[in-house]
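Below: one structure, written as structure tokens.
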Amino acid sequence: MTCRTRFAPSPSGDLHVGGARTALFCWALARKHDGAFLLRIEDTDQKRSSDAASLGFLRDLRWLGIGWDEGPEDDGFGGGDHGPYFQSQRLSVYQEHLQRLIDAGMAYPAFETGEELTAARNLARAEKRPYRYDRAALQLDPADVQQRLDRGDDHVIRFRVPDDSEVIIQDEVLGEVRIAPGEVDDFVIRKADGFPTYHFAVVVDDASMGVSHVVRGQEHLANTPRHVLLQQALGFDRPVYAHLPLIQNPDGSKMSKRDKDKALRKEIKDRGLTSAKSVDPESWEAWLGDKTRQLPHECAERLAEELGIDLPEVSVDDFRRAGYLPEVLINYLALLGWSAGDDLEKFDGAFLCENFTLDRIGKSNARFDRQKLLAFNLDAIQDMTPEVFLERFRAHCEAEHPEFIDQTTPEQFALIAESNRERAKTLDDPARSCRFFVMDDEDITWPVTKGTRKALAKGEPSGFSRLQDLSGVLSGIESFTASSIEAALQAWADEHAEGNFGAAGMPLRVAVTGGTTSPPLPDTLAILGKASVLRRIERCVASAPDFAS
RNA sequence: GGCCCCAUCGUCUAGUCAGGUCCAGGACACAAGGUUUUCAUCCUUGGAACAGGGGUUCGAAUCCCCUUGGGGUCACCA
């Protein structure tokens with residue numbers, strides 16, 4: 001049997017890390033068995049479909065290095081003869097199979113409205129009994145039903161679940177799962193708008209696309225009996241099932257896009273804020289007044305920037321923009337639920353394709369640990385050659401921080417990269433911590449903090465007074481390179497500060513950066529260039545009165 | 001609440017299926033010390049777990065049962 005797996009996201013947004021891991025495992029399993037990995041877009045919810053969003057995760061998958069053999073065509077991936085791969089374009093396929101079910105008496109129309117069903121559900125809940133559809137539509141007079149259908153009344157089609165059918169699932173991860181007869185009620189398979197429901201579409205498509213292995217999150221386990229029953233009714237082969245443990249937040253809660261919203265709400269509450277520049281008052285009220293509401297993407301990001309907080313990354317694109325490496329992300333994701341054994345935890349996609357097996361997937365949920373991901377990212381960066389790091393940092397800046405390209409010469413840019421290579425945990429770190437490199441000399445400011453005060457104002461002689469001295473030393477350097485700067489400063493320190501480099505280093509660092517952290521000082525000064533350094537020192541010294549009090 | 005799933009250090013896990021080699025190994029995190037002109041890195045050392053209770057067995061982290069805890073799911077969303 002050839003192995004055919006599929007990843008079937010709904011196009012409701014970008015690729016979530018949980019989805020990414022599912023795609024990764026599907027991909028690896030197919031590769032391992034020289035099979036095919038297909039991508040199918042589950043866009044049967046007319047309210048949620050959008051083309052732009054579906055392209056988003058194609059890009060994310062490509063970025064992760066997860067290529068698909070069949071599916072939407074994009075950048076050389078996709079195609080295949082089991083299409084179309086958008087469910088919204090497969091309505092006739094569903095209709096054909098649906099008709100078979102109706103003809104066989106295994107599906108029937110039902111006319112209850114959504115409101116009526118919700119009321120019945122609420123009643124059941126209030127009476128503390130489980131809700132199941134009562135099959136009222138089966139009691140209707142056939143002539144009456146026909147009349148309503150002819151009249152064009154809104155109706156859904158329900159699947160008539162066979163009575164007394166225990167479902168036994170042989171799950172590759174969980175083992176045997178049994179669901180007692182009567183647990184599954186007559187669920188809807190075609191909506192009033194004529195679109196199939198997820199359950200129906202997924203079963204028909206998996207069968208007609210020849211999917212042999214269904215690998216998906218455990219949140220789908222409860223759906224599986226429905227799918228199995230439908231397969232039996234339609235005469236389809238049952239695919240192999242493997243339900244993956246879930247990925248959770250560090251606190252054990254479900255990892256979701258809403259986490260960003262929650263982070264913002266918490267910050268606002270903690271600080272007792274009543275307004276923000278990046279959100280207009282009307283939206284602000286509406287948003288905070290309704291916990292089920294979420295701030296639009298862009299707006300949320302602007303607010304986070306205004307508050308100076310980082311939003312938790314939950315989608316693949318968040319991690320890309322935060323400067324994580326795709327090969328590290330897939331490595332870390334693979335570890336959430338799968339293990340190679342033998343204490344091996346660093347590996348790449350090729351290794352996964354060689355060694356991935358379902359029997360090494362764990363059963364219990366895993367919490368997403370950003371610190372470990374960050375540590376892996378650091379390790380990967382430290383393993384890069386200077387050339388590779390430069391290229392990848394450049395590509396990251398081109399996409400996310402063009403000012404680092406625009407405001408520097410290629411030589412300066414290369415030096416910035418190199419001076420950060422061994423300390424960067426992400427490709428974004430240098431751009432965050434070294435903004436002073438691309439700021440105008442006239443825009444540097446010196447906030448009075450414990451650190452800056454210590455470096456500039458405290459002690460005898462103070463940093464400010466030493467800066468006057470050092471400015472002279474630096475201006476006398478002919479070739480303004482890191483090594484000659486270091487030599488000059490060390491010589492100065494030997495003469496004036498008992499060889500203590502820091503006596504020169506910290507005041508200079510604060511003077512040229514406005515803060516207390518930077519790459520090694522000689523590098524920092526060399527990158528800035530003599531003119532900038534002297535100008536910044538001059539302006540810094542002029543700010544001395546701010547530190548007087 | 002019904003149904004279903006799960007349970008080894010704080011976290012991810014190896015070991016569980018084929019009980020003994022495990023007074024439980026690795027990684028991240030944490031703590032202490034060291035290197036370093038800042039930050040970060042780096043080096044050394046350390047603490048840290050088989051959820052609880054019953055069985056089965058010469059022997060259980062490994063098999064069975066119960067309890068407790070966690071999670072998922074109960075839509076004309078997927």
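When reading the values below, keep in mind they use all heavy atoms of this one structure, side chains included, and skip hydrogens, waters and symmetry mates.
When heavy atoms are screened at a 4.0 angstrom cut-off, A/Pro245 is found touching no nucleic acid atom at all. Contact annotation for A/Ser364: backbone-only contact, meaning every heavy-atom pair under 4.0 Å involves sugar-phosphate atoms and none involves a base. Contacts of A/Pro430 with the nucleic acid, taken as non-hydrogen atoms under 4.0 Å apart, are absent. Looking at heavy-atom distances under 4.0 Å, A/Arg178 makes contact with sugar-phosphate atoms alone, never a base. Residue A/Ser518 is in base contact, counting any heavy-atom pair closer than 4.0 Å across all strands shown.
B/rU21 sits 31 Å from B/rU67 when the P atoms are compared, rounded to a whole Å. Taking the P atoms as reference points, B/rG69 lies 16 Å from B/rA51, given to the whole Å. Using atom C1' as the reference point in both B/rC23 and B/rA29, the two lie 25 Å apart (nearest Å).
Across all strands shown, B/rC17 forms no Watson-Crick or G-U wobble pair with both distances under 3.5 Å. In this entry B/rU35 has no Watson-Crick or G-U wobble partner, no candidate having both defining distances under 3.5 Å. Checking B/rA51 for Watson-Crick or G-U wobble geometry (two distances, each under 3.5 Å) identifies B/rU67 as its partner. With a cut-off of 3.5 Å on both Watson-Crick or G-U wobble distances, the partner of B/rA24 is given as none.
Within the 4.5 Å cutoff, the side chain of A/Phe437 has heavy atoms near those of the A/Thr524 side chain. Looking only at side-chain heavy atoms (C-beta outward), A/Arg190 and A/Val156 stay at 4.5 Å or farther from each other.
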Quick test: give all pairs of protein nitrogen or oxygen and nucleotides 74-78 of chain B nitrogen or oxygen below 3.5 Å, distance rounded to 0.1 Å.
residue : atom : partner  : partner atom : Å
B/rA75  : OP2  : A/Arg121 : NE           : 2.8
B/rC76  : OP1  : A/Arg121 : NH2          : 2.8
B/rC76  : O2   : A/Ala192 : N            : 2.8
B/rC76  : N4   : A/Glu112 : O            : 2.7
B/rC77  : OP2  : A/Lys191 : NZ           : 2.7
B/rC77  : O2'  : A/Asp45  : OD2          : 3.1
B/rC77  : O2'  : A/Arg48  : NH2          : 2.8
B/rC77  : O2   : A/Arg48  : NH2          : 2.8
B/rA78  : OP1  : A/Thr44  : OG1          : 2.5
B/rA78  : OP1  : A/Asp45  : N            : 3.4
B/rA78  : OP1  : A/Lys191 : NZ           : 2.6
B/rA78  : OP2  : A/Tyr198 : N            : 3.1
B/rA78  : O3'  : A/Glu42  : O            : 3.3
B/rA78  : O3'  : A/Glu42  : OE1          : 3.1
B/rA78  : N6   : A/Asn223 : OD1          : 3.3
B/rA78  : N6   : A/Asn223 : ND2          : 3.3
B/rA78  : N1   : A/Asn223 : ND2          : 3.3

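Here the side chain of A/Gln218 is nearest to one of B/rA7, B/rC5, B/rU41, namely B/rC5.
Against RNA chain B, the stretch residues 508-515 of chain A makes heavy-atom approaches under 4.0 Å through A/Arg509. Applying a 4.0 Å cut-off to non-hydrogen atoms, the residues of residues 247-254 of chain A that approach RNA chain B are A/Gln248, A/Gly252, A/Lys254, listed by residue number.
Evaluation of the ring pair (Phe, Tyr, Trp, His ring centres under 6.0 Å) rule for A/Tyr85 yields no partner, not counting sequence neighbours. A/Trp492 pairs by the ring pair (Phe, Tyr, Trp, His ring centres under 6.0 Å) definition with A/His496, not counting sequence neighbours. Contacts of A/Arg360 classified as side-chain hydrogen bond (donor to acceptor under 3.5 Å, both in side chains), with partners at least two apart in sequence or in another chain: A/Ser339. For A/His16, there are no ring pair (Phe, Tyr, Trp, His ring centres under 6.0 Å) partners, not counting sequence neighbours. Listed by chain and residue number, A/Glu313 satisfy the salt bridge (charged side-chain N to carboxylate O under 4.0 Å, His left out) test with A/Arg370 (two or more places apart in sequence, or in another chain). In this view, A/Glu219 satisfies the side-chain hydrogen bond (donor to acceptor under 3.5 Å, both in side chains) rule with no residue, not counting sequence neighbours. Scanning for ring pair (Phe, Tyr, Trp, His ring centres under 6.0 Å) contacts around A/Phe111 gives A/His155, with sequence neighbours left out. For A/Arg392, the salt bridge (charged side-chain N to carboxylate O under 4.0 Å, His left out) criterion is met by A/Glu327, not counting sequence neighbours.
B/rG2 atom C1' lies 21 Å from atom OH of A/Tyr133, rounded to whole Å.
A/His227 has its ring centre less than 6.0 Å from the ring centre of A/Tyr198. Aromatic ring centres of A/Tyr332 and A/Phe368: separated by under 6.0 Å.
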Open item on the list: Counting primed atoms plus P, OP1 and OP2 as sugar-phosphate and everything else as base, spell out the protein contacts along nucleotides 18-36 of chain B at 4.0 Å heavy-atom distance: B, S or - for each nucleotide, 5' to 3'.
Closed with: -------BBBSS-------
